[in-house]
Amino acid sequence: MKKVYIIRHGRTYINHYNKMQGWCDTPLTNEGIDGAKKVAQVLKNIPFDLALSSDTKRASDTCELIMKENINHNQLQHLTSKFFREQFYGYFEGMDSDMAWRMIAGPVGLRNLQELLDNYSIDEIKDLMKKSDPYHDAENAQEYWSRLEQGLDLIRQLDGYENILLVTHGFTIRSLVAKYGKGKFDIKTGPRNSSITMMELTDTDTKITSYNQLTL
């Protein structure tokens with residue numbers, strides 16, 4: 001069994017400005033750097049065998065800050081991959097989040113993300129986003145999971161790696177929890193920046209065991 005410590009990246013400027021941030025990227029704020037350093041202290045005695053992150057700078061920088069404090073930092077390797085990126089928001093990238101969610105929710109008679117979460121699954125919301133995108137470039141559920149599952153398969157194939165650090169993104173963490181959390185966690189509240197979500201992986205099973213924690 002592999003234990004995967006899933007961390008949401010530290011707070012960024014686009015988070016601060018309440019804008020949609022999928023594949024677009026902005027640096028960590030000072031608050032984001034501090035948050036990454038705090039979770040690094042929580043995780044410092046976990047003997048990580050490998051560090052993974054999405055290939056965005058915000059995730060990679062958060063990962064490096066965590067690695068720097070780890071008990072295994074001298075031998076810890078950091079791999080980045082597009083498999084672990086956030087959902088691609090297409091036309092909505094960089095848009096004010098409230099405005100974007102109104103555009104996505106409006107065609108089905110709703111007003112915002114919370115109302116969407118009350119009425120639709122995460123994957124259905126992905127499909128609604130693509131449908132509402134004037135260019136239809138946003139990833140739908142099938143496109144998203146085709147990419148992300150390649151990342152999970154990559155982790156499964158890592159022989160001899162038991163404790164894995166993975167730094168990724170908010171809607172991606174919600175998606176994993178919705179799919180593999182067996183309904184135990186409230187995904188109507190998104191994961192906080194620099195929070196910890198725990199996942200256990202075997203060859204035949206994927207299980208979320210905790211969500212959106214600031215301590216172990």
Side-chain angles (χ1 to χ4, degrees), residues 1-22 26 28-29 31-46 48 51-54 56 58-63 65-67 69-70 83-87 89 97-98 101 112-126 141 144-145 148 151-152 155 163-201 205-216:
M1 183 186 72
K2 301 180 188 304
K3 294 182 71 172
V4 184
Y5 296 71
I6 307 174
I7 312 301
R8 186 184 175 196
H9 62 79
R11 187 169 176 84
T12 69
Y13 282 94
I14 278 193
N15 295 151
H16 179 64
Y17 301 143
N18 191 38
K19 294 179 181 293
M20 300 288 278
Q21 186 174 218
T26 54
L28 300 180
T29 61
E31 179 184 352
I33 292 169
D34 288 343
K37 289 180 177 179
K38 286 179 182 177
V39 75
Q41 290 301 310
V42 174
L43 299 173
K44 67 180 181 180
N45 291 319
I46 303 298
F48 288 123
L52 300 170
S53 74
S54 88
T56 60
R58 64 190 186 272
S60 182
D61 286 354
T62 301
C63 192
L65 287 166
I66 296 170
M67 290 170 61
E69 302 300 323
N70 192 256
F83 296 150
F84 302 115
R85 285 182 189 175
E86 182 62 286
Q87 180 184 354
Y89 296 144
S97 291
D98 294 337
W101 288 117
N112 52 46
L113 175 58
Q114 288 305 310
E115 290 187 3
L116 284 168
L117 289 166
D118 285 339
N119 290 275
Y120 291 92
S121 71
I122 289 282
D123 284 351
E124 289 170 334
I125 292 170
K126 290 180 174 65
Y144 173 83
W145 285 111
L148 191 68
L152 298 183
I155 294 174
N163 293 300
I164 296 169
L165 171 66
L166 171 60
V167 181
T168 183
H169 305 271
F171 212 64
T172 285
I173 295 171
R174 281 200 208 201
S175 299
L176 287 166
V177 173
K179 188 167 186 175
Y180 297 116
K182 303 185 186 302
K184 296 179 180 178
F185 306 101
D186 180 13
I187 59 168
K188 292 179 183 177
T189 299
R192 291 165 285 186
N193 291 105
S194 302
S195 62
I196 305 166
T197 295
M198 292 299 302
M199 179 170 66
E200 294 178 356
L201 278 178
D205 192 29
T206 304
K207 181 167 61 177
I208 298 292
T209 59
S210 69
Y211 172 56
N212 191 26
Q213 302 298 305
L214 297 181
T215 60
L216 293 176

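Hydrogens, waters and symmetry mates are skipped; everything else that's a heavy atom, side chains included, is used.
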Identify each donor-acceptor pair in which a side-chain atom of residues 172-180 lies under 3.5 Å from a protein atom, sequence neighbours left out, and give them as a table.
residue: Thr172; atom: OG1; partner: Arg85; partner atom: O; Å: 3.3
residue: Thr172; atom: OG1; partner: Glu86; partner atom: OE1; Å: 3.0
residue: Thr172; atom: OG1; partner: Tyr144; partner atom: OH; Å: 2.8
residue: Arg174; atom: NH1; partner: Ile187; partner atom: O; Å: 2.9
residue: Ser175; atom: OG; partner: Lys126; partner atom: NZ; Å: 2.6
residue: Ser175; atom: OG; partner: Phe171; partner atom: O; Å: 2.7
residue: Lys179; atom: NZ; partner: Glu149; partner atom: OE2; Å: 3.2
residue: Tyr180; atom: OH; partner: Glu149; partner atom: OE2; Å: 2.5

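The heavy-atom pair separating Leu43 from Leu165 by the smallest distance is CD1-CD1, 4.3 Å. Counting all heavy atoms, side chain and backbone alike, Thr197 lies closest to Tyr211 at OG1-CD1, 3.5 Å. The shortest non-hydrogen separation linking Ile46 to Asn70 is O-ND2, 2.8 Å. Residue Ser54 comes nearest to Ala59 through the heavy atom pair OG-CB, 3.3 Å, listed as atom of the first residue, atom of the second, then distance. The shortest non-hydrogen separation linking Cys63 to Leu52 is SG-O, 3.9 Å. Annotation for Thr12 and Thr29: closest pair C-CG2, 3.5 Å, computed over non-hydrogen atoms.
Considering only heavy atoms from C-beta on, Asp123 comes within 4.5 Å of Trp145 through its side chain. The shortest distance between side-chain heavy atoms of Asn15 and Glu31 does not fall below 4.5 Å. Looking at His9 and Asn193, their side chains come closer than 4.5 Å, going by heavy atoms from C-beta outward. Proximity of Trp101 to Met20: side-chain heavy atoms (C-beta onward) are separated by under 4.5 Å at one or more points. In this structure the side chain of Ile155 reaches within 4.5 angstrom of the side chain of Phe84, judged on heavy atoms. Here the side chains of Leu148 and Phe83 are not in contact, with every heavy-atom distance at 4.5 Å or above. Two residues are said to be in side-chain contact when any heavy atoms from C-beta on lie closer than 4.5 Å; Ile196 and Ile7 meet this criterion.
Here the rule is side-chain contact (heavy atoms from CB on, under 4.5 Å) with Met199, and of Ile164, Leu152, Thr209 only Leu152 fits it.
Rounding to the nearest 0.5 Å gives a distance of 4.5 Å between CG of Leu117 and CG of Leu113. Rounded to the nearest 0.5 Å, atoms CZ (Arg8) and CG (Asn212) are 9.0 Å apart. Rounded to the nearest 0.5 angstrom, Asn18 CG and Asp98 CG are separated by 5.0 Å. Rounding to the nearest 0.5 Å places OG1 of Thr168 at 9.0 Å from CZ of Arg58. Rounding to the nearest 0.5 Å places NZ of Lys19 at 7.5 Å from CD1 of Ile14. To the nearest 0.5 Å, the span separating CG on Leu201 from OG1 on Thr206 amounts to 4.5 Å.
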For the pair Thr56 and Gln21, evaluate side-chain contact (heavy atoms from CB on, under 4.5 Å) and give the outcome as yes or no after the intermediate values.
-> CA-CA 11 Å; Thr56 60; Gln21 186 174 218; over 6 Å; no
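The closest donor-acceptor contact from the side chain of Ser195 to the backbone of Gln213 lies at 3.5 Å or more, if one exists at all. In this structure, Thr62 contributes its side chain and Ala36 its backbone to no donor-acceptor pair below 3.5 Å.
Remark: Asp61 engages Leu28, Lys57 in a side chain to side chain contact (heavy atoms under 4.5 Å, CB included) (not counting sequence neighbours). Scored by the ring-ring contact (aromatic ring centres under 6.0 Å, His included) test, Tyr5 finds Phe48 as partners (sequence neighbours excluded). Listed by chain and number, the residues in a side-chain hydrogen bond (donor to acceptor under 3.5 Å, both in side chains) with Lys184 amount to none (sequence neighbours excluded). Under the ring-ring contact (aromatic ring centres under 6.0 Å, His included) criterion, Tyr89 pairs with no residue at all, not counting sequence neighbours. In this view, Asp118 and Lys188 satisfy the side chain to side chain contact (heavy atoms under 4.5 Å, CB included) rule, not counting sequence neighbours.
One side chain, Lys44 or Gln41, offers a donor N or O that lies under 3.5 Å from an acceptor on the other.
For Lys2, the NZ atom sits in a packed shell: over 12 heavy atoms of surrounding residues, nucleotides or ligands are nearer than 6.0 Å.
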